[in-house]
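Reminder, nothing fancy here: chain letters follow the sequence lines and each chain counts from 1.
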Amino acid sequence: MSGFKSDFLRVLNERGFIHQISDPEGLDARCLKGPITAYVGYDATATSLHIGNLISATMLHWLQETGNRPIALMGGGTSMVGDPSFRDDQRKLLSVETINTNIEGIKKIFGKILRFGDGQLDGIMVNNADWLLKLNYVEFLRDVGRYFSVNRMLSFDSVKLRLDREQSLSFLEFNYMIMQGYDFVELNRRYDCILQMGGSDQWGNIINGVDLSHRMGGNQLYALTTPLLTTSSGAKMGKTANGAVWLNGDLFSPYEFWQYFRNTEDADVVRFLKIFTRLSLDEIARLGALGGSEINEAKKVLATEACAIVHGREAAEAAAETARKTFEEGAHSDDLPTIEIPRGDLEVGVGVLAAFVQAGLAASNGDARRSAQGGGLKVNDATVSDPKQTLSLADLTDDGVIKLSLGKKKHILLKPV
RNA sequence: GGGGGAAUGUCCCGAGUGGCAAAGGGGGCGGACUGUAAAUCCGCUGGCUAGGCCUUCGUAGGUUCGAGUCCUACUUCCCCCA
(Lines give C-alpha, C1' and ligand atoms only; values in the text may rest on other atoms or scores of the structure.)
Protein backbone atom coordinates (compact mmCIF):
# COMPACT_ATOMS: atom_id res chain seq x y z
CA MET A 1 0.00 0.00 0.00
CA SER A 2 2.72 2.46 -0.76
CA GLY A 3 1.96 4.01 -4.12
CA PHE A 4 -0.67 6.52 -3.11
CA LYS A 5 -1.44 9.14 -5.72
CA SER A 6 -3.38 11.61 -3.63
CA ASP A 7 -1.47 14.17 -1.59
CA PHE A 8 -3.36 13.36 1.56
CA LEU A 9 -2.70 9.63 1.68
CA ARG A 10 0.83 10.06 0.41
CA VAL A 11 1.67 12.44 3.25
CA LEU A 12 0.05 10.23 5.89
CA ASN A 13 1.85 7.22 4.53
CA GLU A 14 5.26 8.87 4.34
CA ARG A 15 4.94 10.13 7.87
CA GLY A 16 3.92 6.79 9.32
CA PHE A 17 0.32 7.47 10.24
CA ILE A 18 -1.29 4.57 8.46
CA HIS A 19 -2.04 1.25 10.07
CA GLN A 20 -5.11 0.02 8.21
CA ILE A 21 -7.37 1.39 5.47
CA SER A 22 -10.61 -0.32 4.54
CA ASP A 23 -10.23 0.17 0.76
CA PRO A 24 -6.92 1.90 0.03
CA GLU A 25 -7.27 2.06 -3.76
CA GLY A 26 -10.86 3.25 -3.58
CA LEU A 27 -10.08 5.94 -1.04
CA ASP A 28 -7.03 7.10 -2.95
CA ALA A 29 -9.09 7.40 -6.13
CA ARG A 30 -11.79 9.31 -4.29
CA CYS A 31 -9.24 11.73 -2.85
CA LEU A 32 -7.92 12.43 -6.34
CA LYS A 33 -11.36 13.48 -7.54
CA GLY A 34 -11.54 16.48 -5.25
CA PRO A 35 -11.71 17.58 -1.63
CA ILE A 36 -13.09 15.06 0.81
CA THR A 37 -14.49 15.49 4.30
CA ALA A 38 -13.18 13.26 7.09
CA TYR A 39 -13.65 13.09 10.83
CA VAL A 40 -12.21 11.88 14.09
CA GLY A 41 -14.33 11.51 17.20
CA TYR A 42 -13.19 12.38 20.72
CA ASP A 43 -15.03 11.18 23.80
CA ALA A 44 -15.23 13.39 26.85
CA THR A 45 -13.35 11.10 29.21
CA ALA A 46 -11.12 13.84 30.67
CA THR A 47 -10.74 17.60 30.70
CA SER A 48 -7.95 17.38 28.16
CA LEU A 49 -6.85 15.27 25.25
CA HIS A 50 -3.60 13.39 25.64
CA ILE A 51 -0.73 12.63 23.39
CA GLY A 52 -2.43 9.59 21.84
CA ASN A 53 -5.27 11.78 20.64
CA LEU A 54 -2.77 14.23 19.24
CA ILE A 55 -1.86 11.69 16.59
CA SER A 56 -5.32 11.52 15.09
CA ALA A 57 -5.74 15.27 15.48
CA THR A 58 -2.55 15.70 13.51
CA MET A 59 -4.04 13.60 10.74
CA LEU A 60 -6.87 16.10 10.59
CA HIS A 61 -4.24 18.80 10.26
CA TRP A 62 -2.62 17.11 7.27
CA LEU A 63 -6.05 16.46 5.82
CA GLN A 64 -6.74 20.16 5.83
CA GLU A 65 -3.23 21.00 4.74
CA THR A 66 -3.66 18.86 1.63
CA GLY A 67 -6.87 20.59 0.62
CA ASN A 68 -9.62 18.70 2.41
CA ARG A 69 -12.17 19.41 5.10
CA PRO A 70 -11.71 18.12 8.67
CA ILE A 71 -14.41 17.51 11.25
CA ALA A 72 -13.59 17.24 14.95
CA LEU A 73 -16.46 15.39 16.55
CA MET A 74 -17.05 15.88 20.27
CA GLY A 75 -18.58 12.76 21.76
CA GLY A 76 -21.10 14.43 24.02
CA GLY A 77 -23.59 11.69 23.21
CA THR A 78 -21.32 8.67 23.03
CA SER A 79 -19.66 9.67 26.30
CA MET A 80 -22.99 9.02 27.99
CA VAL A 81 -22.39 5.35 27.20
CA GLY A 82 -18.63 4.79 27.21
CA ASP A 83 -16.52 2.87 24.74
CA PRO A 84 -15.86 -0.71 25.93
CA SER A 85 -13.20 -1.36 23.28
CA PHE A 86 -10.22 -3.27 24.64
CA ARG A 87 -11.16 -2.57 28.22
CA ASP A 88 -11.45 -5.28 30.80
CA ASP A 89 -13.85 -3.40 33.01
CA GLN A 90 -16.72 -1.03 32.68
CA ARG A 91 -16.03 2.67 32.56
CA LYS A 92 -17.50 4.82 35.24
CA LEU A 93 -20.61 6.54 34.05
CA LEU A 94 -19.99 10.22 33.48
CA SER A 95 -22.50 12.83 34.53
CA VAL A 96 -23.79 15.29 31.98
CA GLU A 97 -22.02 18.13 33.78
CA THR A 98 -18.71 16.30 33.70
CA ILE A 99 -19.10 15.56 30.03
CA ASN A 100 -19.77 19.19 29.21
CA THR A 101 -16.87 20.43 31.30
CA ASN A 102 -14.58 17.91 29.64
CA ILE A 103 -15.69 18.92 26.17
CA GLU A 104 -14.86 22.54 26.92
CA GLY A 105 -11.36 21.48 27.92
CA ILE A 106 -10.90 19.29 24.87
CA LYS A 107 -12.05 21.90 22.40
CA LYS A 108 -9.15 24.20 23.28
CA ILE A 109 -6.53 22.19 21.49
CA PHE A 110 -8.23 22.20 18.11
CA GLY A 111 -7.82 25.91 17.64
CA LYS A 112 -4.10 25.23 17.51
CA ILE A 113 -4.30 22.38 15.07
CA LEU A 114 -7.08 23.21 12.64
CA ARG A 115 -8.36 26.27 10.84
CA PHE A 116 -12.04 26.87 11.52
CA GLY A 117 -14.43 29.19 9.78
CA ASP A 118 -17.20 29.32 7.22
CA GLY A 119 -15.10 28.62 4.17
CA GLN A 120 -15.37 25.55 1.97
CA LEU A 121 -12.41 23.79 3.51
CA ASP A 122 -12.56 25.25 6.98
CA GLY A 123 -12.73 22.83 9.86
CA ILE A 124 -16.01 21.94 11.53
CA MET A 125 -16.60 21.09 15.15
CA VAL A 126 -19.78 19.23 16.06
CA ASN A 127 -21.13 17.35 19.03
CA ASN A 128 -22.90 14.04 18.54
CA ALA A 129 -25.14 14.85 21.49
CA ASP A 130 -26.96 17.03 18.95
CA TRP A 131 -28.47 13.99 17.28
CA LEU A 132 -27.89 11.04 19.58
CA LEU A 133 -29.76 12.43 22.58
CA LYS A 134 -32.87 13.05 20.52
CA LEU A 135 -33.23 9.54 19.21
CA ASN A 136 -36.41 7.64 19.87
CA TYR A 137 -35.60 4.17 21.15
CA VAL A 138 -37.95 1.94 19.18
CA GLU A 139 -37.64 4.00 16.05
CA PHE A 140 -33.85 3.79 16.29
CA LEU A 141 -33.95 0.04 16.78
CA ARG A 142 -36.10 -0.39 13.68
CA ASP A 143 -34.14 2.01 11.49
CA VAL A 144 -30.63 1.21 12.58
CA GLY A 145 -30.58 -1.69 15.05
CA ARG A 146 -31.96 -4.09 12.46
CA TYR A 147 -28.72 -3.85 10.49
CA PHE A 148 -26.47 -4.95 13.31
CA SER A 149 -25.76 -8.63 13.84
CA VAL A 150 -25.06 -9.53 17.43
CA ASN A 151 -23.14 -12.57 16.25
CA ARG A 152 -20.84 -10.29 14.32
CA MET A 153 -20.51 -7.71 17.07
CA LEU A 154 -19.39 -10.44 19.44
CA SER A 155 -16.66 -11.42 17.02
CA PHE A 156 -14.80 -8.10 17.25
CA ASP A 157 -11.42 -8.13 18.92
CA SER A 158 -12.36 -5.01 20.82
CA VAL A 159 -14.81 -6.93 23.00
CA LYS A 160 -13.02 -10.29 22.95
CA LEU A 161 -10.83 -9.32 25.87
CA ARG A 162 -13.89 -8.71 27.94
CA LEU A 163 -15.64 -11.89 26.91
CA ASP A 164 -12.56 -14.07 27.21
CA ARG A 165 -11.90 -12.80 30.69
CA GLU A 166 -15.45 -13.63 31.54
CA GLN A 167 -16.06 -10.08 32.62
CA SER A 168 -19.49 -8.73 32.10
CA LEU A 169 -20.16 -6.52 29.12
CA SER A 170 -23.30 -4.57 29.82
CA PHE A 171 -25.95 -3.93 27.23
CA LEU A 172 -25.32 -0.22 27.69
CA GLU A 173 -21.72 -0.54 26.56
CA PHE A 174 -22.67 -2.98 23.85
CA ASN A 175 -24.59 -0.16 22.21
CA TYR A 176 -21.52 2.01 21.90
CA MET A 177 -20.44 0.65 18.57
CA ILE A 178 -23.91 1.06 17.20
CA MET A 179 -23.92 4.71 18.19
CA GLN A 180 -20.51 5.32 16.69
CA GLY A 181 -21.57 3.59 13.51
CA TYR A 182 -24.63 5.76 13.36
CA ASP A 183 -22.52 8.88 13.90
CA PHE A 184 -20.56 8.13 10.77
CA VAL A 185 -23.71 7.74 8.70
CA GLU A 186 -25.16 10.90 10.18
CA LEU A 187 -22.01 12.90 9.41
CA ASN A 188 -22.15 11.59 5.88
CA ARG A 189 -25.70 12.82 5.52
CA ARG A 190 -25.00 16.20 7.04
CA TYR A 191 -21.56 17.00 5.69
CA ASP A 192 -20.86 14.40 3.02
CA CYS A 193 -18.17 13.02 5.32
CA ILE A 194 -16.75 9.83 3.78
CA LEU A 195 -13.82 8.94 5.98
CA GLN A 196 -13.42 8.25 9.66
CA MET A 197 -9.99 8.06 11.22
CA GLY A 198 -8.81 6.99 14.65
CA GLY A 199 -6.40 4.84 16.62
CA SER A 200 -6.07 1.17 15.75
CA ASP A 201 -8.33 0.31 18.68
CA GLN A 202 -11.16 2.06 16.84
CA TRP A 203 -11.04 -0.18 13.79
CA GLY A 204 -14.03 -2.26 14.78
CA ASN A 205 -16.12 0.76 15.67
CA ILE A 206 -15.28 2.52 12.43
CA ILE A 207 -15.95 -0.52 10.26
CA ASN A 208 -19.37 -0.75 11.84
CA GLY A 209 -20.16 2.66 10.42
CA VAL A 210 -18.89 1.69 6.98
CA ASP A 211 -21.07 -1.43 7.00
CA LEU A 212 -24.08 0.38 8.35
CA SER A 213 -23.96 2.86 5.49
CA HIS A 214 -23.87 -0.02 3.01
CA ARG A 215 -26.81 -1.79 4.57
CA MET A 216 -28.86 1.35 4.76
CA GLY A 217 -28.23 1.89 1.07
CA GLY A 218 -26.02 4.88 1.72
CA ASN A 219 -22.69 6.02 0.35
CA GLN A 220 -19.39 4.20 0.28
CA LEU A 221 -17.49 5.15 3.41
CA TYR A 222 -13.90 4.50 4.39
CA ALA A 223 -11.94 3.69 7.54
CA LEU A 224 -8.36 4.63 8.33
CA THR A 225 -6.50 3.84 11.54
CA THR A 226 -3.11 4.75 12.98
CA PRO A 227 -0.75 2.33 14.65
CA LEU A 228 -0.82 2.22 18.43
CA LEU A 229 2.29 4.13 19.36
CA THR A 230 4.71 2.29 21.54
CA THR A 231 8.29 3.12 22.32
CA SER A 232 10.94 0.89 20.86
CA SER A 233 11.32 -0.87 24.16
CA GLY A 234 7.65 -1.76 24.07
CA ALA A 235 6.10 0.61 26.56
CA LYS A 236 2.85 2.29 25.68
CA MET A 237 3.44 5.81 24.49
CA GLY A 238 2.10 8.68 26.52
CA LYS A 239 2.20 7.32 30.03
CA THR A 240 4.34 8.82 32.74
CA ALA A 241 4.59 8.18 36.44
CA ASN A 242 1.83 10.65 37.15
CA GLY A 243 -0.46 9.49 34.39
CA ALA A 244 -1.04 10.55 30.84
CA VAL A 245 0.84 13.15 28.84
CA TRP A 246 -1.90 15.76 28.62
CA LEU A 247 -2.07 18.48 26.04
CA ASN A 248 -3.61 21.15 28.25
CA GLY A 249 -0.98 23.18 30.03
CA ASP A 250 -2.76 23.22 33.35
CA LEU A 251 -2.50 19.43 33.62
CA PHE A 252 0.93 19.00 32.08
CA SER A 253 3.11 22.09 31.78
CA PRO A 254 4.94 23.06 28.58
CA TYR A 255 8.19 22.34 30.38
CA GLU A 256 7.06 18.83 31.29
CA PHE A 257 5.82 18.32 27.77
CA TRP A 258 9.17 19.42 26.36
CA GLN A 259 10.99 17.10 28.75
CA TYR A 260 8.78 14.19 27.77
CA PHE A 261 9.92 14.42 24.17
CA ARG A 262 13.49 15.27 25.10
CA ASN A 263 13.70 11.88 26.78
CA THR A 264 12.65 9.96 23.66
CA GLU A 265 14.58 6.77 23.02
CA ASP A 266 17.15 6.97 20.23
CA ALA A 267 15.33 4.43 18.11
CA ASP A 268 12.12 6.45 18.16
CA VAL A 269 13.41 9.86 17.18
CA VAL A 270 12.69 9.72 13.45
CA ARG A 271 9.33 8.06 13.89
CA PHE A 272 8.26 10.70 16.39
CA LEU A 273 9.62 13.60 14.33
CA LYS A 274 7.40 12.49 11.47
CA ILE A 275 4.31 12.21 13.60
CA PHE A 276 4.65 14.96 16.17
CA THR A 277 6.30 17.73 14.14
CA ARG A 278 5.58 19.37 10.83
CA LEU A 279 9.19 19.43 9.69
CA SER A 280 9.86 18.35 6.12
CA LEU A 281 10.91 14.78 5.52
CA ASP A 282 14.26 16.04 4.21
CA GLU A 283 14.93 17.85 7.45
CA ILE A 284 13.85 14.81 9.43
CA ALA A 285 16.15 12.58 7.40
CA ARG A 286 19.01 14.95 8.17
CA LEU A 287 18.28 14.87 11.89
CA GLY A 288 17.87 11.12 11.83
CA ALA A 289 21.33 10.71 10.33
CA LEU A 290 22.99 12.17 13.42
CA GLY A 291 24.88 9.44 15.17
CA GLY A 292 25.91 8.71 18.72
CA SER A 293 25.35 11.45 21.24
CA GLU A 294 24.68 13.94 18.44
CA ILE A 295 21.21 12.53 18.24
CA ASN A 296 20.51 14.59 21.33
CA GLU A 297 20.33 17.59 19.02
CA ALA A 298 17.55 15.86 17.11
CA LYS A 299 15.72 15.19 20.37
CA LYS A 300 15.84 18.86 21.26
CA VAL A 301 14.39 19.78 17.90
CA LEU A 302 11.68 17.17 18.37
CA ALA A 303 10.85 18.50 21.83
CA THR A 304 10.71 22.12 20.75
CA GLU A 305 8.72 21.52 17.58
CA ALA A 306 6.18 19.25 19.24
CA CYS A 307 5.83 21.62 22.16
CA ALA A 308 5.36 24.58 19.81
CA ILE A 309 2.37 22.95 18.14
CA VAL A 310 0.59 22.32 21.41
CA HIS A 311 1.72 25.25 23.56
CA GLY A 312 2.92 27.83 21.07
CA ARG A 313 6.38 28.74 19.84
CA GLU A 314 7.14 31.08 22.71
CA ALA A 315 6.39 28.56 25.45
CA ALA A 316 8.38 25.94 23.58
CA GLU A 317 11.45 28.15 23.31
CA ALA A 318 11.15 29.04 26.98
CA ALA A 319 10.99 25.35 27.93
CA ALA A 320 14.04 24.67 25.78
CA GLU A 321 15.93 27.50 27.45
CA THR A 322 14.96 26.34 30.93
CA ALA A 323 16.20 22.87 30.10
CA ARG A 324 19.43 24.23 28.62
CA LYS A 325 20.25 26.19 31.75
CA THR A 326 19.30 23.37 34.05
CA PHE A 327 21.02 20.50 32.29
CA GLU A 328 23.82 22.05 30.29
CA GLU A 329 24.96 24.79 32.60
CA GLY A 330 24.01 23.05 35.80
CA ALA A 331 22.51 26.34 36.88
CA HIS A 332 18.89 26.77 37.73
CA SER A 333 16.47 28.85 35.82
CA ASP A 334 13.73 30.96 37.28
CA ASP A 335 11.45 29.15 34.92
CA LEU A 336 11.76 25.85 36.69
CA PRO A 337 8.55 24.81 38.39
CA THR A 338 8.33 26.92 41.55
CA ILE A 339 6.55 26.38 44.84
CA GLU A 340 5.99 29.18 47.28
CA ILE A 341 6.75 28.71 50.94
CA PRO A 342 5.97 31.13 53.81
CA ARG A 343 9.09 33.02 54.83
CA GLY A 344 8.22 32.41 58.46
CA ASP A 345 8.56 28.66 57.96
CA LEU A 346 12.13 29.09 56.83
CA GLU A 347 12.90 31.35 59.76
CA VAL A 348 11.86 28.55 62.08
CA GLY A 349 13.40 25.85 59.91
CA VAL A 350 11.70 23.26 57.71
CA GLY A 351 12.61 19.57 57.71
CA VAL A 352 14.13 18.53 54.39
CA LEU A 353 11.80 15.58 54.06
CA ALA A 354 8.75 17.74 54.62
CA ALA A 355 10.07 20.24 52.09
CA PHE A 356 10.27 17.56 49.40
CA VAL A 357 6.75 16.47 50.23
CA GLN A 358 5.54 20.05 49.96
CA ALA A 359 7.25 20.42 46.61
CA GLY A 360 5.41 17.33 45.37
CA LEU A 361 8.62 15.41 44.78
CA ALA A 362 7.75 12.82 47.42
CA ALA A 363 4.44 11.27 48.39
CA SER A 364 5.17 11.20 52.12
CA ASN A 365 7.96 11.69 54.61
CA GLY A 366 8.70 8.00 54.40
CA ASP A 367 8.91 8.20 50.64
CA ALA A 368 11.30 11.14 50.88
CA ARG A 369 13.34 9.32 53.51
CA ARG A 370 13.73 6.33 51.21
CA SER A 371 14.76 8.54 48.31
CA ALA A 372 17.36 10.16 50.54
CA GLN A 373 18.70 6.78 51.60
CA GLY A 374 19.16 5.92 47.94
CA GLY A 375 21.04 9.15 47.39
CA GLY A 376 18.33 10.64 45.21
CA LEU A 377 17.61 13.89 47.01
CA LYS A 378 19.56 17.08 46.55
CA VAL A 379 19.25 20.57 47.99
CA ASN A 380 21.01 23.20 45.90
CA ASP A 381 22.81 20.35 44.15
CA ALA A 382 24.19 18.92 47.39
CA THR A 383 23.09 15.38 48.20
CA VAL A 384 20.95 15.08 51.31
CA SER A 385 22.73 12.73 53.68
CA ASP A 386 20.95 13.58 56.91
CA PRO A 387 17.18 13.18 56.83
CA LYS A 388 16.88 15.28 59.98
CA GLN A 389 18.50 18.26 58.28
CA THR A 390 16.42 21.42 58.21
CA LEU A 391 16.17 24.16 55.63
CA SER A 392 16.43 27.76 56.76
CA LEU A 393 17.00 31.20 55.31
CA ALA A 394 20.69 30.35 55.24
CA ASP A 395 19.97 27.85 52.45
CA LEU A 396 18.67 30.49 50.07
CA THR A 397 20.90 30.92 47.06
CA ASP A 398 21.96 34.29 45.72
CA ASP A 399 18.77 34.30 43.69
CA GLY A 400 16.71 33.94 46.83
CA VAL A 401 15.43 30.43 46.22
CA ILE A 402 16.18 26.88 47.30
CA LYS A 403 16.51 24.27 44.57
CA LEU A 404 15.20 20.81 45.42
CA SER A 405 16.06 17.92 43.11
CA LEU A 406 14.81 14.37 42.90
CA GLY A 407 17.16 12.34 40.80
CA LYS A 408 18.82 14.06 37.90
CA LYS A 409 15.77 15.28 36.10
CA LYS A 410 13.20 16.66 38.48
CA HIS A 411 13.82 20.05 39.95
CA ILE A 412 11.60 22.38 41.92
CA LEU A 413 12.41 25.82 43.28
CA LEU A 414 11.22 26.85 46.72
CA LYS A 415 10.55 30.54 46.93
CA PRO A 416 9.88 32.31 50.25
CA VAL A 417 6.97 34.74 50.28
C1' G B 1 -35.32 -19.58 41.62
C1' G B 2 -31.32 -23.80 42.77
C1' G B 3 -25.98 -25.21 42.97
C1' G B 4 -20.70 -23.91 42.62
C1' G B 5 -16.63 -20.30 42.42
C1' A B 6 -14.22 -15.41 42.92
C1' A B 7 -12.80 -10.50 45.35
C1' U B 8 -5.42 -9.74 48.49
C1' G B 9 -0.68 -4.29 49.53
C1' U B 10 -5.80 2.11 46.43
C1' C B 11 -1.05 1.05 39.42
C1' C B 12 -1.72 -4.07 37.56
C1' C B 13 -1.09 -9.44 37.87
C1' G B 14 -0.77 -12.78 41.77
C1' A B 15 0.92 -16.65 46.19
C1' G B 16 -0.81 -17.06 51.01
C1' U B 17 -0.74 -24.57 57.00
C1' G B 18 -4.88 -19.33 62.40
C1' G B 19 1.20 -16.07 64.41
C1' C B 20 1.16 -11.41 58.43
C1' A B 21 3.08 -5.27 57.10
C1' A B 22 1.64 -10.43 54.04
C1' A B 23 5.92 -14.56 48.77
C1' G B 24 6.81 -13.52 43.59
C1' G B 25 6.30 -10.80 39.04
C1' G B 26 5.22 -6.46 35.94
C1' G B 27 5.19 -1.29 36.19
C1' G B 28 7.19 2.91 38.74
C1' C B 29 11.04 5.65 41.50
C1' G B 30 16.23 6.16 42.94
C1' G B 31 21.66 4.74 42.27
C1' A B 32 25.91 2.98 39.00
C1' C B 33 27.42 3.04 33.67
C1' U B 34 26.25 6.80 29.62
C1' G B 35 24.48 11.12 26.00
C1' U B 36 18.65 14.05 30.20
C1' A B 37 18.88 7.39 25.32
C1' A B 38 18.48 1.95 25.25
C1' A B 39 20.46 -2.49 27.42
C1' U B 40 22.67 -4.20 32.02
C1' C B 41 23.57 -4.36 37.36
C1' C B 42 22.09 -2.66 42.45
C1' G B 43 18.47 -0.50 46.01
C1' C B 44 13.44 1.08 47.16
C1' U B 45 8.12 0.56 46.18
C1' G B 46 1.63 1.20 53.61
C1' G B 47 1.67 5.81 57.34
C1' C B 48 3.96 8.20 61.53
C1' U B 49 6.84 12.46 66.31
C1' A B 50 10.50 5.59 63.33
C1' G B 51 13.62 0.01 65.44
C1' G B 52 8.23 1.64 68.80
C1' C B 53 3.19 2.83 67.41
C1' C B 54 -0.97 3.09 63.81
C1' U B 55 -3.90 1.53 59.33
C1' U B 56 -4.29 -2.50 55.42
C1' C B 57 -6.56 -8.56 52.18
C1' G B 58 -14.94 -6.70 48.91
C1' U B 59 -18.59 -4.74 53.41
C1' A B 60 -20.56 -5.63 58.41
C1' G B 61 -20.61 -8.70 62.47
C1' G B 62 -18.81 -13.26 65.20
C1' U B 63 -15.35 -17.39 67.09
C1' U B 64 -10.16 -17.04 69.06
C1' C B 65 -4.75 -15.01 73.28
C1' G B 66 -4.34 -14.04 68.00
C1' A B 67 -8.20 -13.85 61.60
C1' G B 68 -6.09 -12.46 54.77
C1' U B 69 -6.88 -17.51 56.57
C1' C B 70 -12.57 -20.28 60.38
C1' C B 71 -18.26 -18.98 60.99
C1' U B 72 -22.75 -15.74 59.66
C1' A B 73 -25.06 -12.01 56.78
C1' C B 74 -24.57 -8.61 52.83
C1' U B 75 -22.42 -6.43 48.05
C1' U B 76 -20.38 -7.12 43.21
C1' C B 77 -18.74 -10.43 39.40
C1' C B 78 -18.28 -15.24 36.92
C1' C B 79 -19.89 -20.47 35.80
C1' C B 80 -23.59 -24.51 35.72
C1' C B 81 -28.80 -26.07 36.24
C1' A B 82 -34.06 -24.22 35.79
Note to self: Suppose you measure atom P in A32(B) against the same atom in A37(B); what distance do you get, rounded to whole Å?
What the structure shows: 12 Å
Margin query: For a quick test of reading the model: is some side-chain N or O of Ser364(A) closer than 4.0 Å to OP1 or OP2 of C48(B)?
Written below: yes
Item checked: Base-pairing mate for U34(B) - Watson-Crick or G-U, with both contacts under 3.5 Å -> none
Checklist line | Length of the CG-P vector between Leu302(A) and A37(B), whole Å | finding: 15 Å
Next item on the list: Take the protein atom CG of Leu406(A) and the nucleotide atom C1' of C44(B), then report the distance between them rounded to whole Å.
Entry: 12 Å
Next item on the list: Please tell me if the side chains of Leu212(A) and Asn208(A) come closer than 4.5 Å, counting only heavy atoms from C-beta onward.
Entry: no
Margin query: Would the distance check show the side chain of Thr66(A) and the main-chain N or O of Trp62(A) forming a donor-acceptor pair, the cut-off being under 3.5 Å?
Written below: yes
Notebook entry, point to check: Is Ile295(A) touching bases, backbone alone, or none of the nucleic acid, heavy atoms closer than 4.0 Å?
Noted result: base
Margin query: Pairing check on A7(B): which nucleotide meets the Watson-Crick or G-U wobble criteria with it, both distances under 3.5 Å?
Written below: U75(B)
Item checked: Test item: side-chain donor near acceptor, Thr397(A) and Asn380(A), under 3.5 Å -> no
Note to self: Taking only side-chain N and O atoms of Lys410(A), does any of them lie within less than 4.0 angstrom of OP1 or OP2 on G30(B)?
What the structure shows: yes
Checklist line | Interatomic distance, Phe261(A) CZ vs G35(B) C1' [rounded to whole Å] | finding: 20 Å
Margin query: Whole angstroms only, please: what is the CD-P distance between Glu328(A) and U36(B)?
Written below: 8 Å
Next item on the list: Determine the contact category for Arg370(A): base if any of its heavy atoms lies under 4.0 Å from a base atom, sugar-phosphate if only primed atoms, P, OP1 or OP2 are that close, otherwise nothing.
Entry: sugar-phosphate
Notebook entry, point to check: If we take the C1' atom in both A82(B) and U76(B), what is their distance in whole Å?
Noted result: 23 Å
Next item on the list: Kindly indicate whether the side chain of Ile99(A), heavy atoms from C-beta on, has any atom under 4.5 Å from the side chain of Met74(A).
Entry: no
Margin query: Looking at C70(B), which nucleotide sits across from it as a Watson-Crick or G-U wobble partner, both distances under 3.5 angstrom, or is there none?
Written below: G62(B)
Check: Can you check whether Arg369(A) has a side-chain N or O nearer than 4.0 Å to OP1 or OP2 of C29(B)?
Finding: no
Next item on the list: Starting from the 5' end of RNA chain B, give me the residue, Lys409(A) or Ser371(A), whose nearest nucleotide shows up first.
Entry: Ser371(A)
Note to self: Please determine whether a side-chain nitrogen or oxygen atom of Asn365(A) lies at a distance below 4.0 Å from atom OP1 or OP2 of U49(B).
What the structure shows: yes
Next item on the list: Kindly give the heavy-atom pair with the smallest separation between His411(A) and Lys403(A), and that separation in Å.
Entry: ND1-CE, 3.6 Å
Next item on the list: May I ask you to list the residues of residues 349-361 of chain A, by number, that have any heavy atom positioned under 4.0 Å from an atom of RNA chain B?
Entry: none
Item checked: Ser56(A) side chain near Met197(A) side chain, heavy-atom distance below 4.5 Å -> no
Next item on the list: Look at all strands and tell whether Gly366(A) reaches a base, only sugar-phosphate, or nothing, counting heavy atoms closer than 4.0 Å.
Entry: base
Notebook entry, point to check: Counting any heavy atom closer than 4.0 Å, what does Gln259(A) reach on the DNA or RNA strands: base, sugar-phosphate only, or nothing?
Noted result: base
Next item on the list: Figure out the CG/P separation between Leu336(A) and U36(B), and round it to whole Å.
Entry: 16 Å
Notebook entry, point to check: Do Phe110(A) and Phe116(A) have their ring centres less than 6.0 Å from each other?
Noted result: no
Notebook entry, point to check: Does Thr264(A) have a side-chain nitrogen or oxygen under 4.0 Å from the phosphate oxygens OP1 or OP2 of A37(B)?
Noted result: no
Note to self: Using Watson-Crick or G-U wobble geometry with both distances under 3.5 Å, which nucleotide pairs with U49(B)?
What the structure shows: none
Notebook entry, point to check: For the pair made of CD in Glu294(A) and P in G35(B), what is the distance, rounded to whole Å?
Noted result: 13 Å
Checklist line | Atom C1', compared across U69(B) and C57(B): separation rounded to whole Å | finding: 10 Å
Check: Does a side-chain N or O from Lys408(A) land closer than 4.0 Å to OP1 or OP2 of G35(B), or not?
Finding: no
Check: So which one's nearest nucleotide on RNA chain B is more toward 5', Arg324(A) or Asp367(A)?
Finding: Arg324(A)
Check: Between A38(B) atom P and Glu265(A) atom CD, what is the distance in whole Å?
Finding: 6 Å
Item checked: Among Lys300(A), Arg278(A), Arg313(A), salt bridge (Lys or Arg N to Asp or Glu O under 4.0 Å) partner for Glu305(A) -> Arg313(A)
Next item on the list: Any strand is fair game: report the nucleotide pairing with G43(B) by Watson-Crick or G-U wobble, both distances under 3.5 Å, or none.
Entry: C29(B)
Next item on the list: Could you state the atom-to-atom distance from CG of Asp268(A) to P of A38(B) in whole Å?
Entry: 10 Å
Note to self: Salt bridge check, Lys107(A) against Glu104(A): does any charged N sit closer than 4.0 Å to a carboxylate O?
What the structure shows: yes
